[in-house]
Novice: 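Provided herewith is a single structure, encoded as structure tokens, for subsequent inquiry.
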Amino acid sequence: RAHQAGVKMVFGTDAGIISVSVAENTTTANRTGTIRVDSVEADNAPIILTITQQARDRVLVLSTDTLTVGATGGSVGFGVQNAGTGSMSWNATVRSGSNFITIAPGTATGVNTGVVTLIITENPRNEPRTGSVEVSAPGAFDSPQTVNITQTAQNIVLSVTPQEIDIGPAGGATTFTVQNTGTGTM
């Protein structure tokens, strides 16, 4: 008899087959389960069957799935790791936003662990922009994965000087200076 998930309860006489269904192991650790086969008539009962399922040998893990970068741009990175036991080759590719995102030389590929460094150009626009980088590790669990990048907009700061002026009772002309003291285009 068997009393575990994935194992059919089986009754029979003299001989039979026990069918076992084991779910996918999505972890980085081996796991073990047992089945107890019993017969009240058998002298050597019960018999314990042991099933050991191997861990994933390659598991792609990224340190983040989102990055935010200021309007001035710069470089930013994220980590790549193999949380499994085997050897995992990986590569990173800009999927969208290639007009402002590039991958620094020497950081687009690796084995097991590494850091992908992105070079982000200045955002000249008054609105944020987005892009994405995909990391792929052929044959690895949880591959491919995407890191979404958001770059903030330039800021616009309206300045008018002077903000107060007195004009005499006879009237007259005056001027005000209007300018953007922020980094965007107004």
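Just so you know, these numbers come straight off a predicted model, no measurement behind them.
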Novice: Is there a continuous path of hydrophobic side-chain contacts, each under 4.5 Å between heavy atoms, that joins Val111 to Met88?
Specialist: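 Result: no, two separate clusters.
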Novice: Is there a path of hydrophobic side-chain contacts, each under 4.5 Å between heavy atoms of I, L, V, M, F, W or Y residues, that connects Ile35 with Val22?
Specialist: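 Cluster IDs for Ile35 and Val22 match.
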Novice: If I take atom OG1 from residue Thr152 and atom CZ from residue Arg129, how far apart are they, to the nearest 0.5 angstrom?
Specialist: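 If we round to the nearest 0.5 Å, Thr152:OG1 and Arg129:CZ are 10.0 Å apart.
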Novice: Considering the options Asn148, Ile101, Leu62, which one meets the side-chain contact (heavy atoms from CB on, under 4.5 Å) requirement together with Val133?
Specialist: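 The passing option is Ile101.
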Novice: Is there a continuous path of hydrophobic side-chain contacts, each under 4.5 Å between heavy atoms, that joins Val135 to Val69?
Specialist: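 Val135 clusters together with Val69.
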Novice: Would you compute the distance between atom CG of Asn112 and atom CG of Leu60 and round it to the nearest 0.5 angstrom?
Specialist: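 Reported value, rounded in 0.5 Å steps: 11.0 Å.
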Novice: Would you check if the side chain of Thr107 reaches a backbone N or O of Ala104 as a donor-acceptor pair within less than 3.5 Å?
Specialist: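 Side chain of Thr107 to backbone of Ala104: a pair is present.
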Novice: Give a yes or no on whether Glu127 atom CD has more than 12 heavy-atom contacts from other residues, nucleotides or ligands under 6.0 Å away.
Specialist: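 Result for CD/Glu127: enclosed.
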Novice: Return the CD1 to CG distance between Ile48 and Asp38, rounded to the nearest 0.5 Å.
Specialist: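 These two atoms lie 8.0 Å from each other.
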Novice: Decide yes or no for Phe78 and Asp65: does some side-chain heavy atom of the first lie under 4.5 Å from some side-chain heavy atom of the second?
Specialist: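 No; the side chains remain at least 4.5 Å from each other.
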Novice: Without swapping roles, check the side chain of Ser136 against the backbone of Pro144 for a donor-acceptor pair under 3.5 Å.
Specialist: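 It does not hold such a pair.
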Novice: Can you tell me how far apart CZ (Phe100) and OG1 (Thr130) are? Round to the nearest 0.5 Å.
Specialist: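 So the CZ of Phe100 and the OG1 of Thr130 are separated by 6.5 Å.
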Novice: Could you state the interatomic distance from OG1 (Thr72) to CD (Gln151), rounded to the nearest 0.5 Å?
Specialist: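 CD of Gln151 is found 8.0 Å from OG1 of Thr72.
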Novice: Can you tell me how far CZ of Arg58 sits from CG of Asp142, rounded to the nearest 0.5 angstrom?
Specialist: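 So the CG of Asp142 and the CZ of Arg58 are separated by 13.5 Å.
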Novice: Establish whether Ile119 and Val80 are linked, either directly or via other cluster members, by ILVMFWY side-chain heavy-atom contacts under 4.5 Å.
Specialist: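 No.
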Novice: Indicate the atoms forming the closest heavy-atom contact of Gly114 with Trp90, along with that distance.
Specialist: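 Heavy atoms only, the tightest pair is CA-CZ2, 3.9 Å.
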